[in-house]
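All residue numbers refer to positions in the sequence shown, counting from 1. Quick caveat: nothing in here was measured; it's all calculated off a predicted structure.
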Amino acid sequence: MPKTLKRKDLSGDGRRGNSPKKRRLGPEKKPDARFAKAGTKRKRREEESRMSPKKVKLEPASDPHRRLKRSDIRTRRLLGEGSYGRALRCRIRSKRVWIDGVLKVLKDNGLAQRQAFFREAECLEKLAGIKGVPVLYGRRDTKSDVAIAMSYNGGYNLSQFMRKYADDVQRIFGVLAKVTEILGGIHRKGLGHNDLHAGNVMIEESVCPEDPVATIIDFGFCLLFGTRLFPRPVKNFEGYHYDPVLSKDCRRTSPKTDIFSFGKLLEKIPGFGENQVLKNLVSRSLSKDTKERPSLEELSRTLRMLQNGQEVEKTSNRFVQFICNLWYKVVDCYYGL
């Protein structure tokens with residue numbers, strides 16, 4: 001019989017078998033400096049977060065020329081629907097932060113509707129920085145989707161606010177005085193809202209119930225002073241579109257157009273007929289003669305006096321009232337009213 005070959009002892013401890021060979025250990029490699037720095041930064045950040053209070057995420061700056069992608073928007077629910085589009089509650093991505101916003105989506109993708117839709121984006125871009133006006137975050141313009149994104153102003157509208165505080169009329173006077181201040185900022189830019197009603201005024205009082213925040217929304221009919229309001233469609237080689245210059249037989253916008261709409265808001269104040277000062281103010285605001293309508297300064301001053309419970313002096317500030325009426329007469333003559 002052939003002699004059996006003995007297996008060599010490959011292990012160092014005298015055991016037999018096919019034990020693996022030991023690897024030769026080379027010099028220890030130092031960890032990469034990049035990962036070491038990242039680790040120290042992470043530890044430092046964790047220590048600072050434990051020691052310091054939580055940081056509040058601030059709202060990012062607006063970028064009206066930003067082109068939004070589908071991945072930048074997460075829609076949640078329907079807020080409302082108008083003649084041109086639908087308003088959706090959404091989340092908008094801004095760098096690494098998701099913020100609350102409103103996405104206004106066009107319903108009918110026609111040329112006239114596109115012009116009216118993007119007019120709102122242009123007006124919001126011009127009104128940037130005015131307190132009480134939504135902030136424009138970006139827009140989306142493709143063949144299939146047309147939308148604009150703006151800041152979300154929660155709360156409820158002015159009609160709901162009036163029903164809630166029907167017994168506290170002074171609070172309503174204070175909110176309406178803030179609305180006049182917002183309209184004054186819009187008018188100083190040479191623009192008119194032209195669609196002011198109780199549904200387009202949002203009130204937010206979750207932050208400070210004693211001092212609620214008022215915001216005017218829906219700038220779809222916002223136009224420059226002197227342009228024709230609600231123009232007729234004009235047909236050209238591209239189809240029907242709205243041209244505020246070529247359309248005829250339409251009244252022109254002016255600062256007094258919003259004052260007429262504001263008089264409609266004053267009519268909804270609970271028990272406005274019992275207050276003679278407020279009743280005279282409403283009758284002057286709804287006058288067909290634009291020269292008799294009061295100015296925004298007079299409206300704001302009267303509402304603040306009513307809020308504080310003071311008696312409105314009939315003969316006070318006659319010089320200021322004369323200058324304001326003279327200024328509106330000059331504006332009306334300039335724009336051909």
Side-chain angles (χ1 to χ4, degrees), residues 82-84 115-117 119-127 130 132-134 157-159 175-202 214-233 242-269 272 278 280-303 321 323-337:
S83 57
Y84 289 110
Q115 287 182 351
F117 205 70
R119 184 172 61 227
E120 181 174 2
E122 292 174 1
C123 292
L124 289 177
E125 186 178 349
K126 293 178 182 177
L127 298 173
I130 297 177
V133 176
N157 57 31
L158 185 60
S159 59
V175 168
L176 289 174
K178 291 182 179 180
V179 175
T180 57
E181 295 170 2
I182 299 170
L183 282 175
I186 296 171
H187 289 181
R188 281 191 290 272
K189 295 286 185 177
L191 296 169
H193 188 271
N194 302 317
D195 192 19
L196 186 67
H197 56 83
N200 285 341
V201 179
M202 302 299 295
T215 307
I216 298 178
I217 61 172
D218 195 1
F219 287 79
F221 292 104
C222 186
L223 294 169
L224 289 168
F225 292 147
T227 55
R228 299 185 185 276
L229 187 61
F230 304 120
R232 296 179 180 178
Y242 291 98
D243 193 340
V245 179
L246 298 178
S247 301
K248 297 180 180 180
D249 301 330
C250 297
R251 58 192 178 94
R252 295 177 181 269
T253 59
S254 70
K256 298 296 181 74
T257 307
D258 288 337
I259 293 175
F260 182 86
S261 303
F262 191 80
K264 293 287 186 180
L265 295 180
L266 295 176
E267 272 188 332
K268 297 184 178 181
I269 297 177
F272 88 98
L278 188 62
N280 293 336
L281 200 66
V282 170
S283 62
R284 288 178 56 200
S285 301
L286 300 179
S287 175
K288 293 183 179 180
D289 189 4
T290 57
K291 297 178 182 179
E292 295 182 3
R293 294 178 191 173
S295 62
L296 287 173
E297 290 81 3
E298 184 181 352
L299 286 170
S300 177
R301 185 173 62 251
T302 307
L303 289 170
Q321 186 176 357
I323 294 298
C324 292
N325 292 335
L326 183 63
W327 166 251
Y328 278 110
K329 285 180 182 179
V330 172
V331 172
D332 292 345
C333 292
Y334 179 77
Y335 290 118
L337 290 174

inquiry  = Tell me if a side-chain donor or acceptor on Ser283 pairs with a main-chain N or O of Asn280 at a distance below 3.5 Å.
reply    = yes
query = How close do Pro294 and Ser285 get, heavy atom to heavy atom, and via which atoms?
reply = CG-OG, 3.7 Å
message = Strictly distance-based, threshold 3.5 Å: is any side-chain N or O of Asp258 a donor or acceptor partner for the main-chain N or O of Asn194?
response = yes
Between CD1 on residue Ile130 and CD1 on residue Ile182, distance to nearest 0.5 Å = 9.5 Å
task = Would you confirm whether Thr253, through its side chain, and Leu224, through its main-chain N or O, come within 3.5 Å as a donor-acceptor pair?
result = yes
ask   = Looking at Asn157, Asp218, Leu158, which hits side-chain contact (heavy atoms from CB on, under 4.5 Å) with Asn200?
value = Asp218
query = For Phe262 and Leu196, what are the C-alpha separation, side-chain angles and deciding distance, and is it a side chain to side chain contact (heavy atoms under 4.5 Å, CB included)?
reply = CA-CA 7 Å; Phe262 191 80; Leu196 186 67; 4.2 Å; yes
query = Between atom CG of Leu303 and atom CD of Glu298, what is the distance when rounded to the nearest 0.5 Å?
reply = 10.5 Å
inquiry  = I need the minimum non-hydrogen distance between Lys256 and Arg293, along with the two atoms involved.
reply    = O-NH1, 2.8 Å
inquiry  = With rounding to the nearest 0.5 angstrom, report the CZ to OG1 distance, Phe225 to Thr257.
reply    = 7.5 Å
ask   = What is the minimum heavy-atom distance between Val179 and Ala214, and which atoms define it?
value = CG2-CB, 4.3 Å
remark   = Closest non-hydrogen atoms of Phe219 and Pro134, given as atom of the first, atom of the second and distance, are CE1-CD, 3.9 Å
request  = Could you pull out the closest heavy-atom pair between Ala177 and Ser300, with the gap in Å?
outcome  = O-OG, 4.2 Å
task = Report the distance from atom CG of Leu296 to atom OG1 of Thr180, rounding to the nearest 0.5 Å.
result = 6.5 Å
task = First locate atom CD of Glu297, then atom CD of Glu181, and finally report the distance between them rounded to the nearest 0.5 Å.
result = 10.5 Å
task = Kindly give the heavy-atom pair with the smallest separation between Phe221 and Arg119, and that separation in Å.
result = CA-NH2, 4.3 Å
query = For the atom pair CG (Leu286) and CG (Leu281), what is the distance rounded to the nearest 0.5 Å?
reply = 9.5 Å
request  = Let me know which of Ser254, Ser295, Pro255 forms a side-chain contact (heavy atoms from CB on, under 4.5 Å) with His187.
outcome  = Pro255
